[in-house]
Amino acid sequence: MRLLLTFVALCLLHTSTAQPYGANPLEVASKREWQKKVRPAVMEFFQQEVYGIVPPSQPEVDFHIIDEGEAFGGKVKRREVEMTIGGSTKALILIYLPAQHKGKVPVFLGMNFKGNHQIAADPEVTISDNAPRGKELGTDPERGAAASRWTVEMLTEAGYGVVTIYRGDIDPDFDDGFRNGIHPHFYAEGQTSPYAHEWGTIGAWAWSLSRVMDYLEKDNDIDHKHVAVIGHSRLGKTALWAGAQDSRFAMVISNDSGCGGAALSMRKHGETVAAINRNFPHWFCDNYNKYSNNEEELWIDQQGLLALIAPRPIYVASASLDDWADPEGEFLAALYASPIYELYGKKGLTSPTMPAVNTPVGDGHVGYHLREGKHDITAWDWAQYIKFADRHFFGR
Ligand code: GTR
């Protein structure tokens, strides 16, 4: 069946040798062809060969609210929800909502790098046992250290909520043969590590974002039809994969996601498939190793991942000094995914020229910018995401 789908899709993808680096604009004859034949084959490729499938046996996931309070001098409501996976793995969901908001609140959902307590200088946020602590024993473990990356005040003032979980609560970010984190909850009897086509860490992180979405659907304060899933860098790869698999995410934002995210692998510019598999052997499925120094064998490049998100709005962002993430490769992937948006009557990127720094492009469903500066997510990036969300969610 898989071979048949692949064959049909290959026939439908009109590859043009005129394009550089073997990565091509996605040309599919009709929306129907895309939905019925090509999209399932593209999805299967990313599942089997890149991020890995989620194993079929699913553990139970429970939620309960553990704390509610105020932050930012009463301007913001805080809620903490404990998510328990397979009866034992605990992850805390931190939710900030504008206190004055009437009705259900649209939110940005993203994973954080160093613990929920780092996204704002809020003394009440529970510190995960898995999160890095302060340098000296007993000191405050860097509350608010990542506040510039989350801009909670700016987002809540703009009418959005912020929802986050800590990556280390789901799967600590190092290669331990998948003994810690959530993977063991999914092993079949006698299994001790994922099979070659089963998920790595990015797959597990993405799965957990969908579980957070399960909770958001039940929370009466949240406008679950307007949830933008977002991530920076490795967590941007995660947001893209979560958004590709789960259409409940109404918008997807990739900030400097680079190799294995929005950047085209076949360009081999900056971080390569070989480098990422060598340095982070736990991120992707084992099958992905086939493509180390062998990118030409990828059946489809990362424009396919972005196209899986169509017709939902997607925003891809790069930074000018972030050569490792290949800004041009990220721009081209967004451009090459755009024909799939057009099949749905949505406008994608139209100009084939990389825009100048700090000049966002895309007045349709595909947005892109190249921020001046280094690998990071800044208030300026967020200001563009707010504008994009305002336009798509509320026509503002
Ligand atoms: C780098 C890695 C990138 C990117 C980045 C990050 O070391 O090479 O793929 O994910 O980390 O997450 O900040």
Side-chain angles (χ1 to χ4, degrees), residues 59-101 104-134 140-147 149-157 159-172 181-182 204-224 226-231 235 238-239 242 248-249:
E60 245 182 65
V61 183
D62 302 311
F63 304 96
H64 73 272
I65 296 175
I66 59 160
D67 184 45
E68 286 183 297
E70 291 183 342
F72 296 94
K75 287 192 292 182
V76 175
K77 283 195 291 191
R78 180 189 54 254
R79 181 168 300 152
E80 289 183 295
V81 181
E82 187 177 71
M83 170 160 85
T84 308
I85 300 165
S88 58
T89 303
K90 309 255 183 214
L92 283 179
I93 306 170
L94 172 63
I95 303 174
Y96 283 126
L97 301 175
Q100 298 305 323
H101 198 279
K104 292 174 182 275
V105 184
V107 300
F108 289 91
L109 161 64
M111 213 166 222
N112 67 71
F113 276 83
K114 290 188 177 172
N116 293 351
H117 63 290
Q118 299 218 341
I119 82 155
D122 174 354
E124 301 298 325
V125 175
T126 307
I127 298 169
S128 162
D129 291 341
N130 300 313
R133 301 275 158 167
D140 200 27
E142 303 177 52
R143 285 184 187 277
R149 287 187 161 189
W150 288 87
T151 63
V152 173
E153 237 173 331
M154 180 171 109
L155 283 157
T156 47
E157 274 165 20
Y160 291 91
V162 178
V163 182
T164 190
I165 50 170
Y166 168 48
R167 64 181 166 146
D169 280 349
I170 300 300
D171 189 20
I182 64 172
W205 288 341
W207 176 88
S208 75
L209 290 171
S210 284
R211 302 294 69 77
V212 175
M213 186 66 186
D214 296 343
Y215 169 76
L216 297 179
E217 285 187 317
K218 293 186 219 138
D219 186 319
N220 286 329
D221 289 330
I222 309 275
D223 176 0
H224 66 265
H226 292 121
V227 175
V229 66
I230 180 166
L235 303 179
T238 304
R248 294 174 299 169
F249 294 118

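What's counted below: heavy atoms across the whole structure, side chains too, no hydrogens, waters or symmetry copies.
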Between [atom1] of [X] and [atom2] of [Y], what distance do you get to the nearest 0.5 Å?
X: Asp169; Y: Ile182; atom1: CG; atom2: CD1; result: 11.0 Å
X: Asn112; Y: Gln118; atom1: CG; atom2: CD; result: 8.0 Å
X: Tyr160; Y: His101; atom1: OH; atom2: NE2; result: 8.5 Å
X: Asp129; Y: Lys90; atom1: CG; atom2: NZ; result: 11.5 Å
X: Ser208; Y: Ile165; atom1: OG; atom2: CD1; result: 3.5 Å
X: Glu157; Y: Thr151; atom1: CD; atom2: OG1; result: 10.0 Å

Quick one: does [X]'s side chain get under 4.5 Å of [Y]'s, heavy atoms only?
X: Ile85; Y: Trp207; result: yes
X: Ser128; Y: His117; result: no
X: Val125; Y: Tyr96; result: yes
X: Tyr215; Y: Ile222; result: no
X: Pro132; Y: Phe113; result: no
X: Asp67; Y: Thr126; result: no
X: Arg248; Y: Val227; result: no
X: Val81; Y: Val212; result: no

(Q) Test your reading of the model: is there a side-chain donor-acceptor pair from Arg143 to the backbone of Ala121, 3.5 Å cut-off? (A)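 Checking the backbone N and O of Ala121 against the side chain of Arg143, no donor-acceptor pair under 3.5 Å is found.
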
Q) Under 3.5 Å, side chain of Asn116 to main-chain N/O of Leu92, donor-acceptor pair present? A) yes

Q. After noting the C-alpha distance and the side-chain angles of Lys114 and Glu142, does the key distance pass the salt bridge (Lys or Arg N to Asp or Glu O under 4.0 Å) rule?
A. CA-CA 9 Å; Lys114 290 188 177 172; Glu142 303 177 52; 5.6 Å; no

Q | Derivation and outcome, side-chain contact (heavy atoms from CB on, under 4.5 Å), residues Thr84 and Glu60 | A | CA-CA 8 Å; Thr84 308; Glu60 245 182 65; over 6 Å; no

Which atom of [X] lies closest to which atom of [Y], heavy atoms considered:
X: Gly74; Y: Ala99; answer: O-CB, 3.4 Å
X: Gly86; Y: Pro59; answer: CA-CB, 3.7 Å
X: Gly115; Y: Ala131; answer: CA-CB, 4.2 Å
X: Ala239; Y: Gly231; answer: CB-N, 3.6 Å
X: Val152; Y: Ala120; answer: CG2-CB, 4.4 Å
X: Gly181; Y: Asp171; answer: CA-OD1, 3.8 Å

(Q) Walk me through whether Thr238 and Arg167 qualify under side-chain contact (heavy atoms from CB on, under 4.5 Å). (A) CA-CA 10 Å; Thr238 304; Arg167 64 181 166 146; over 6 Å; no

Q) More than 12 non-hydrogen atoms from neighbouring residues, nucleotides or ligands closer than 6.0 Å to NZ on Lys104, yes or no? A) yes

**Q.** Partners passing side-chain hydrogen bond (donor to acceptor under 3.5 Å, both in side chains) against Glu68 (at least two apart in sequence or in another chain)
**A.** Arg79

Q | Listed partners of His224 passing side-chain hydrogen bond (donor to acceptor under 3.5 Å, both in side chains), at least two apart | A |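 Once residues adjacent in sequence are excluded, His224 has no partner under the side-chain hydrogen bond (donor to acceptor under 3.5 Å, both in side chains) criterion.
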
Q: Give the C-alpha distance, both sets of side-chain angles, the deciding distance and a yes or no for side-chain contact (heavy atoms from CB on, under 4.5 Å) between Asp219 and Ile95.
A: CA-CA 11 Å; Asp219 186 319; Ile95 303 174; 4.2 Å; yes

Q: Please test Trp150 against Val162 for side-chain contact (heavy atoms from CB on, under 4.5 Å), starting from the C-alpha separation and ending with a verdict.
A: CA-CA 8 Å; Trp150 288 87; Val162 178; 3.8 Å; yes

